Amino acid sequence: MQRRNKPEVLAPAGNLRGLKTAVDYGADAVYCGGKAFGMRSAPKNLSLEDFEEGARYAHERGARVYVTFNVLPRNNEVEAMREYLGKLKDTGVDALIVSDIGVMLMAKQVAPNLELHVSTQAGVTNYQAANAFYELGARRVVLAREMDLQAVRDIRARIPDDLDIECFVHGAMCMAFSGRCLFSNYLTGRDGNHGECAQPCRWKYSIVEEKRPGQYFPIEQTAEGAYLFNSQDMNMLAHIDDLLDSGATSLKIEGRSKSAYYIAAMTNAYKTAVNEYMVQRGFEDADGNVLKPFRDRVIRPGDPEYGKPDTEDAIMSNADGAFAGKPDIDAIPVGGVPSGNVSSGNIAIGEPDNLSYHARSTRRKSNTAAEILPEGWHHAGVRPAPHVTLPDWLLDEPDKVAHRDYSTGFYYPEHKVQQSTDRSAYFRAWLVVGEVLSWSPEDGGRVTIMSRNKIEAGQEVEFVLPGAAPFAYTVPAGGFRDADGHWVEAINNPAHVFSMPCPQEVPVNAAIRSRTKKPTLKAE
């Protein structure tokens, strides 16, 4: 398989409409599940006929379709999976996302025409595992979400160039290792490893004392109780240059249970950011013409610069912090070693205090000594380059969809994902008020919409446009009509057809959004 000449934006879809929306808003590939054997059972998912239509739609527009086939199967499911796979292989989809090694070998036998991608459920955290899957026929590994950027670099430097690295960049985080969790199964009987997670990690908990039944004591000293495992959402939009420079081939947006609006907005945001990266790194010109093939900036073993101290940067200085639990990571200056510290290879390791000694990760040979890296080991550096700057409107996009508090996940050990201990709900400051059905130049421009929420004169709305900043528009007075062409004072009946003035042409299915009068705690 040839290396792609551009990083891939990989968008989610829970149904056929979501798939088409993702493609329309710039996704290079879409991942979705069938009616069985995927890790999300809440969405409607796609039938075999949907896969055929979706693959055809995507291919006509230069995109690909990947199917999640990543449950941890039970014995009585093996033959059913084989039968389903035999039908799936003829639908025109491009790849299977698998986590079980038996399913992977089955897919090679039954569907040898499909590319194999190793799911994050497989927990790939090192280059040896990645290489082993490559030898078994995989052409992509989806890295465990617990990896930091230095680990991504180290894997990229030691695997074949034609083995893709897929990394999560946006959406919900899971408190379990690589998504493998028994919490839901234990508490509710709904198996998280079969796509039926009840998300008990985000429930609200209090303590009940044995001799005081009915009295609920909050774990945190608040009247609202506490959320024990409620992780923040991921948002790496402002940092995709670090991730792509570090060897990521594909940027994965989480959200197969999300709305078409969410898919459109986030796909458009990350696709636009990748385009900015390609231009500012000199791979393309402003019109999208290729100037040189895309290649990451990782310094590989055998390169003249490999292992040289002058290749260190902030990410390398913080290497091993995510897994090793380095206690004084904020105290280590970029490119410098504070007094009293020891050097392990080419990485500065801070002397921990007594408490931190006992909190050392099991990765260390001893819980009472700083980690000593093996002789000859060097972390992979990255050739320096200026930071890729993104326009303000683009950086604002993640705040215009429903989300929990944002973080950068585990990519930066000094700023790791945290728990939200005050609420488990989503924060929503923008509301979808309609979807475009058509646009006409008559009367200076009119747009026909399917209403979702109220629109009135003087209201400020935005049309979400593929490949561009949103079109901001103040709705004028006296221009509303209903489906029969009668003038109306406002659009105030959801799921009905209306039209209103709009001077700029807007595409069919474009979402129309407006800032809420009062932010709410609600998902899309």
Side-chain angles (χ1 to χ4, degrees), residues 1 3-4 7-8 10 29 31 38-39 66-73 95-108 114-181 192-193 234 236 242-244 246-254 296 298 300-301 315 319-324 361-363 377 379-380 409-413 416-417:
M1 185 180 71
R3 281 300 302 277
R4 295 177 180 85
E8 176 186 87
L10 178 58
Y31 68 100
M39 285 296 288
Y66 309 149
V67 180
T68 57
F69 209 64
N70 56 342
V71 297
L72 303 180
L96 292 174
I97 304 171
V98 300
S99 59
D100 182 83
I101 193 169
V103 173
M104 184 177 180
L105 296 178
M106 175 197 296
K108 287 181 65 177
L114 297 183
E115 201 171 284
L116 293 177
H117 298 176
V118 177
S119 170
T120 187
Q121 312 294 134
V124 175
T125 61
N126 62 80
Y127 64 87
Q128 178 161 302
N131 283 322
F133 280 118
Y134 179 79
E135 292 298 322
L136 289 172
R139 287 300 172 262
R140 173 175 299 190
V141 287
V142 187
L143 296 187
R145 295 185 225 195
E146 297 79 20
M147 307 300 289
D148 62 8
L149 279 175
Q150 185 59 60
V152 178
R153 295 175 173 187
D154 291 337
I155 291 173
R156 176 79 277 169
R158 294 168 175 85
I159 64 175
D161 278 351
D162 64 342
L163 177 59
D164 283 349
I165 288 179
E166 183 179 305
C167 294
F168 285 90
V169 292
H170 199 92
M173 297 284 289
C174 183
M175 56 79 64
F177 180 76
S178 297
R180 291 194 176 198
C181 183
N193 296 318
M234 181 188 289
M236 282 289 288
D242 279 350
L243 195 50
L244 294 174
S246 296
T249 313
S250 177
L251 306 179
K252 185 171 194 171
I253 301 168
E254 179 69 270
D296 57 70
V298 176
R300 292 157 168 78
I315 292 169
D320 296 314
F323 280 104
S361 157
T362 55
R363 285 184 66 239
W377 166 263
H379 284 293
F410 291 93
Y411 287 119
Y412 300 93
K416 285 194 291 188
V417 62

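Owing to the predicted nature of the structure, the values given are computational and were not obtained by experimental measurement. Sequential numbering from 1 along the given sequence is applied to the chain's residues.
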Run the side-chain contact (heavy atoms from CB on, under 4.5 Å) check on Ile315 and Arg153 step by step: do they pass? CA-CA 10 Å; Ile315 292 169; Arg153 295 175 173 187; 3.5 Å; yes
Is the shortest heavy-atom distance from the side chain of [X] to the side chain of [Y] under 4.5 Å?
| X | Y | answer |
| --- | --- | --- |
| Asp148 | Tyr412 | no |
| Ile155 | Ile165 | yes |
| Leu243 | Leu149 | yes |

What closest approach, in Å, do [X] and [Y] show between heavy atoms, and which atom pair accounts for it?
| X | Y | result |
| --- | --- | --- |
| Arg145 | Thr120 | N-OG1, 3.9 Å |
| Ala144 | Thr125 | CB-CG2, 3.9 Å |
| Glu254 | Gly171 | CB-CA, 3.9 Å |
| Met234 | Gly409 | CE-CA, 4.1 Å |

The salt bridge (charged side-chain N to carboxylate O under 4.0 Å, His left out) partners of Asp242 (sequence neighbours excluded) come to none
Just by distance, no angles: are the side chains of Ser250 and Glu8 close enough, under 3.5 Å, to form a donor-acceptor pair? yes
State the [atom1]-[atom2] distance between [X] and [Y], to the nearest 0.5 angstrom.
| X | Y | atom1 | atom2 | value |
| --- | --- | --- | --- | --- |
| Glu166 | Lys252 | CD | NZ | 4.5 Å |
| Ser246 | Arg156 | OG | CZ | 11.0 Å |
| Asn70 | Ser119 | CG | OG | 4.0 Å |
| Leu163 | Arg140 | CG | CZ | 9.5 Å |
| Tyr411 | Phe168 | OH | CZ | 8.0 Å |
| Cys167 | Leu143 | SG | CG | 4.5 Å |

Could you pull out all residues at least two apart from [X] that satisfy side chain to side chain contact (heavy atoms under 4.5 Å, CB included)?
| X | answer |
| --- | --- |
| Asn131 | Tyr127, Ile159, Pro160 |
| Ala107 | Leu85, Leu96, Leu116 |
| Ala129 | Val124, Asn126 |
| Ala138 | Met104, Val118, Phe133 |

By side chain to side chain donor-acceptor pair (under 3.5 Å), which residues pair with Tyr134, not counting sequence neighbours? Asp162
Within the distance-only criterion (no hydrogens, no angle test), does the side chain of [X] pair as donor or acceptor with the backbone N or O of [Y] below 3.5 angstrom?
| X | Y | value |
| --- | --- | --- |
| Gln121 | Asp100 | no |
| Lys108 | Leu136 | yes |
| Asp154 | Ala380 | yes |

Would Leu251 and Leu10 count as a side-chain contact (heavy atoms from CB on, under 4.5 Å) here? Give the steps. CA-CA 6 Å; Leu251 306 179; Leu10 178 58; over 6 Å; no
Hey, could you give me each pair passing ring-ring contact (aromatic ring centres under 6.0 Å, His included) that has a residue in residues 143-166? Not counting sequence neighbours. none
Walk me through whether Thr68 and Tyr31 qualify under side-chain contact (heavy atoms from CB on, under 4.5 Å). CA-CA 7 Å; Thr68 57; Tyr31 68 100; 4.1 Å; yes
Run Phe69 and Ile97 through side-chain contact (heavy atoms from CB on, under 4.5 Å) and show every step you take. CA-CA 5 Å; Phe69 209 64; Ile97 304 171; over 6 Å; no
